[in-house]
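Step one of this worksheet: look at the structure below.
Positions are given from 1, in the same order as the sequence printed here.
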Amino acid sequence: MSIQTVNPATGEVIETYQEMSSAQVDEIVSQVDDAHQVWRSTSMAERKKELLHLAQLLQERHEAFAQIITQEMGKPITAARAEVDKCHYLCLYYAEHAPTQLAPHEISTDFQKSYVTYEPIGVIFAIMPWNYPLWQAMRFLVPTLMTGNGGILSHAPISTGCSLMLEKLVQDSGYPENIFRSVIVSNEVAAEIIANHKIQGVTLTGSEGAGRAVAAEAGRGLKKVMLELGGSDAYVILDDADVELAASSCVDSRMSNSGQVCISAKRLIAVPEVREEFQRLVIEKTKAFKMSDPQDEGCNFGPMARHDLRAELHQQVQDCIAQGAELVCGGVMPEGPGNFYPPTILRNVRPGMEAYDNELFGPVIAFIDADNEAHAFEIANCTRFGLGAAVFTQDLVKGEHIARNILQAGTCCVNAKVISDPALPFGGIKASGYGRELAGEGIREFVNIKTICIR
């Protein structure tokens with residue numbers, strides 16, 4: 001079966017690819033496993049040297065990666081370049097810190113000597129999404145290689161070109177042949193990869209439904225799995241908040257990547273004292289985002305990645321309106337080519353509506369009214385998701401208490417939008433998944449934490 005990558009701004013076909021057969025994939029898994037048997041015995045100094053070479057080569061191919069990101073999923077070109085920059089920083093971060101994060105450490109016990117080491121476990125299979133096609137793939141790949149593991153990537157079909165370009169980058173960087181491979185497979189063949197006895201771990205960034213399916217497959221094979229799934233992040237604005245800062249942070253978060261971000265500000269909850277001013281500023285700032293050609297240097301808002309995703313989002317918006325939500329702006333399917341959808345704001349969003357109960361993966365802001373501060377936190381936590389959350393208050397002691405002890409999510413910020421950073425562990429709770437990526441916690445997800453005891 002063939003798949004096509006399509007430019008979401010124009011609807012034009014970019015490239016056609018053939019899916020791989022089960023036999024082809026079995027051979028690739030064996031090749032990566034063979035490469036891992038050699039790579040696992042390399043020193044940390046050697047792994048660091050190869051990673052720094054990869055970082056250098058990434059910089060040399062910076063514009064090529066930015067262009068393929070924009071062409072395949074519609075990210076504005078300036079944002080695509082920023083994504084490549086972030087991946088470069090990821091390489092430098094782990095080149096510097098992985099030797100310490102993976103270093104053995106002694107533990108005082110009744111044994112003459114006892115200590116813990118972190119050893120590679122084998123081949124890790126990654127299933128990655130299209131919304132950050134290079135960043136998502138590399139935040140799996142870089143720590144995987146630094147631990148001494150091998151990697152196989154099944155990318156979202158619309159990001160196939162980026163996936164193959166990343167495979168070529170690793171090949172050209174001096175790593176062992178086949179230590180990392182990209183596969184083009186159906187869901188059925190992906191399940192076969194998970195079941196393959198040479199696969200020792202599975203990592204997925206994707207939807208809640210995909211997470212349940214992958215976890216079930218991995219469970220049947222007793223494979224460890226790391227899941228980073230969807231979110232419906234709540235941003236709570238208290239009566240002493242810097243309302244200008246709060247509005248800017250919320251809009252920048254929600255409109256980034258045309259709203260196609262797991263950790264964007266999806267549910268905006270302001271207490272009565274500041275609600276009117278906050279909502280006025282959010283509406284004003286949202287209107288500054290204009291749909292345009294993502295290849296233009298001045299573009300700040302591109303198309304959605306696929307036409308079916310746009311259609312699903314529009315239906316969710318219409319359902320909310322039919323249930324009584326007020327459409328403040330946007331919400332109209334534009335004419336013309338491409339998958340553009342306008343910045344949209346819904347007011348009076350209540351329980352039972354899609355924008356309240358579920359994740360809207362697109363540029364839609366939901367205003368939710370809270371009666372008071374306690375009610376605001378109740379609304380924030382009244383969700384099956386738990387990826388990120390934020391609170392805005394000028395009382396930093398109170399804000400830290402709220403972030404640490406009240407908001408229920410994997411990352412909680414005070415007076416700032418939630419982001420991912422190589423130095424900080426990233427992941428969720430509840431239906432947003434489990435396990436962590438990035439930082440020391442992330443690099444130790446797929447290692448053998450081996451205890452050594454000597455008497």
Side-chain angles (χ1 to χ4, degrees), residues 208 229-243 245-247 249-251 253-254 259 261-283 316-317 319-321 323-326 328 344-361 364-419 427-434:
E208 180 185 354
L229 309 178
S232 186
D233 291 9
Y235 280 42
V236 178
I237 295 80
L238 301 185
D239 59 5
D240 67 340
D242 180 334
V243 181
L245 171 65
S249 299
C250 289
V251 174
S253 172
R254 191 61 180 124
V261 184
C262 296
I263 50 172
S264 67
K266 292 167 185 163
R267 296 179 297 135
L268 308 190
I269 308 163
V271 297
E273 293 84 349
V274 295
R275 182 182 302 142
E276 183 177 349
E277 177 66 4
F278 171 71
Q279 292 187 358
R280 183 188 68 79
L281 287 170
V282 168
I283 294 166
Q316 289 176 308
V317 169
D319 289 345
C320 289
I321 295 170
Q323 292 175 289
E326 175 192 348
V328 177
T344 299
I345 298 177
L346 296 173
R347 188 152 42 200
N348 300 326
V349 173
R350 300 187 301 274
M353 297 180 182
E354 284 286 296
Y356 191 102
D357 297 335
N358 296 311
E359 178 181 32
L360 270 61
F361 208 65
V364 180
I365 288 172
F367 286 144
I368 302 176
D369 294 344
D371 297 335
N372 50 49
E373 186 175 297
H375 187 216
F377 297 134
E378 180 183 336
I379 294 169
N381 291 330
C382 185
T383 173
R384 68 180 186 279
F385 298 107
L387 194 55
V391 61
F392 288 82
T393 173
Q394 296 189 66
D395 185 338
L396 298 186
V397 173
K398 178 180 180 179
E400 183 177 352
H401 168 74
I402 292 166
R404 180 171 178 174
N405 300 306
I406 296 179
L407 294 175
Q408 300 169 6
T411 300
C412 297
C413 291
V414 180
N415 297 331
K417 63 183 181 181
V418 178
I419 61 169
I429 60 173
K430 300 190 282 187
S432 290
Y434 47 79

>> Taking salt bridge (Lys or Arg N to Asp or Glu O under 4.0 Å) as the definition, give me every residue that meets it alongside E276, ordered by chain and number, with sequence neighbours left out.
In response: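 By the salt bridge (Lys or Arg N to Asp or Glu O under 4.0 Å) rule, E276 matches no residue at all.
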For the pair [X] (side chain) and [Y] (backbone), establish whether a donor and an acceptor sit closer than 3.5 Å, ignoring hydrogens and angles.
X: S432; Y: G230; result: yes
X: S253; Y: S249; result: no
X: E359; Y: G231; result: yes
X: R254; Y: G259; result: yes
X: R267; Y: V349; result: no
X: R347; Y: Q279; result: no

> Can you pull the side chain to side chain donor-acceptor pair (under 3.5 Å) pairs that have at least one residue in residues 385-398, sequence neighbours excluded?
Replying inline: D240-T393, E373-K398
Between [X] and [Y], what is the shortest heavy-atom contact and its length?
X: P272; Y: A370; value: CD-O, 3.3 Å
X: K430; Y: R384; value: CB-O, 3.1 Å
X: L346; Y: C320; value: CD1-CB, 3.9 Å
X: L238; Y: F377; value: CD2-CZ, 4.1 Å

Are the side chains of [X] and [Y] in touch, meaning some heavy atoms are under 4.5 Å apart?
X: T411; Y: I263; result: no
X: F361; Y: C262; result: yes
X: L360; Y: K266; result: no

> Stepwise, does the side-chain contact (heavy atoms from CB on, under 4.5 Å) test hold for N415 with D242?
Replying inline: CA-CA 8 Å; N415 297 331; D242 180 334; over 6 Å; no
> Counting only heavy atoms not in E326, do more than 12 fall under 6.0 Å of its CD?
Replying inline: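 Atom CD in E326 is packed in, count exceeds 12.
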> Would F392 and V243 count as a side-chain contact (heavy atoms from CB on, under 4.5 Å) if you check the C-alpha gap in whole Å, the side-chain angles of each, and the deciding distance to 0.1 Å?
Replying inline: CA-CA 8 Å; F392 288 82; V243 181; over 6 Å; no
>> Which residues pass the side-chain hydrogen bond (donor to acceptor under 3.5 Å, both in side chains) test with T344, not counting sequence neighbours?
In response: none
